Amino acid sequence: MKGKDFLSVADLSSEEVLQMVQKAMAMKAEVSARPLEGKQFALLFEKPSLRTRVSFEVGIRQMGGQCVYLSKDDVGLGTREPEEDIARVLDRWVDGIIARVYSHRSLEILSKHTSIPVLNALSDMEHPCQAMADMLTIQEHKGSFDGLRVAFIGDGNNVACSLSLACASVGADFVLASPKDYQMPSPVLEEAKRRAAVNESSVDWVETPAEAVEGADVVYTDTWVSMGHEAEKAERLPIFKDYKVDESLVKGAKSDFVFMHDMPAYRGQEVSDGMIDHPRSVVFDQAENRLHAQKAILAELFSNISNISK
Ligand code: NVA
């Protein structure tokens, strides 16, 4: 790991992404390990959450730790108090902060003013814990990442950014199909392409979903309106209307493709009702794997903790 935190998939080297997937498989098989015995965590969430909150709370308890959940109204990150002060206060009490924020910058401020690990539980730029659970799910269903084609249909958002970095790290091809103005931001795209070049894979953009899905091993979609973009909903829905993943679109994928969605799923918008329960859908495996992947990340961060300079 690059430092004390996990804010981006890029905090792991390519090799470490693969190692983390292996560690998550081991954590899933061996549920009794308790590397967080006596550790305390703050879960600082500015946005709603089902999967992330519950999987972190359950995972921390399974590993012997404890946590305190703080919602937007409890804390007022950057409104009631500056992020810097919140960081410095929490640093005195807890051993780690797991934060879901509107602005990725808030995570960087929390990181800068703490000596303890800060984990990104979703920001406007990345959702790295989701990506690690997704890689675990792909590994389980496909057995290997070599030569896989992962097609992400819709918005070049936080989930797409983290997934592209993770795919590029393990040598899987990643292709985004999105409207022209909804591609991934340049810094992430450049890092993903840099990793892909080293690992002999590719990161591409196309405009039409059918082109992306052609021959795909994984077809992935996410909401067209991420948290924080609610005011753009009326503008976005018509722009994305041709990006729905349905039974007709996935006919272009390989016969043994898997369908993935990080959820919540907006049936009738980015995904048809039938795709969630499609025989090739693995969306509930993905949800379960949040638990195992995050336990691996926590175990790794806290096994390194003695090497981290304060
Ligand atoms: N892209 C979505 C992911 C939700 C888990 C969002 O940021 O709202």
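In each ligand, atom 1 is the first atom listed, and ligand 1 is the first ligand listed. Every value quoted in this text rests on a predicted model; they were computed, and no experiment measured them.
You'll find the side chain of S71 stays beyond 4.5 Å of the side chain of F45, heavy atoms only. The shortest side-chain heavy-atom distance between E232 and V225 does not fall under the 4.5 Å cut-off.
For D124, no heavy-atom contact with ligand 1 is shorter than 4.0 Å. Only side-chain heavy atoms of N158 come within less than 4.0 Å of ligand 1; its backbone N, CA, C and O stay farther off. Residue L122 touches ligand 1 through its side chain alone, judged by heavy-atom distances below 4.0 Å.
Atom 8 (O) of ligand 1 has its closest protein heavy atom at M227 N, 2.8 Å.
Near D262, meaning under 4.0 Å from one of its heavy atoms, ligand 1 places the atoms 3 (C), 4 (C), 5 (C). Within ligand 1, counting atoms from 1 as listed, the ones closer than 4.0 Å to a heavy atom of M263 are 5 (C). Atoms of ligand 1 lying under 4.0 Å from at least one heavy atom of S226, given by number and element, are 1 (N), 2 (C), 6 (C), 7 (O), 8 (O).
Classification of the F41-F302 ring pair by plane angle, with boundaries at 30° and 60°, yields perpendicular.
Polar contact check, V159 against ligand 1: no nitrogen or oxygen pair lies under 3.5 Å apart. Where the criterion is an N or O separation shorter than 3.5 Å, residue side chain and backbone included, T223 fails it with respect to ligand 1.
S106 and E83 share a donor-acceptor pair across their side chains, judged by distance under 3.5 Å alone. No side-chain donor-acceptor contact under 3.5 Å links D124 and N158. With 3.5 Å as the limit, one finds no donor-acceptor pair spanning the side chains of S178 and Q183.
For Y220 and F259, the ring centers are positioned 6.0 Å apart or more.
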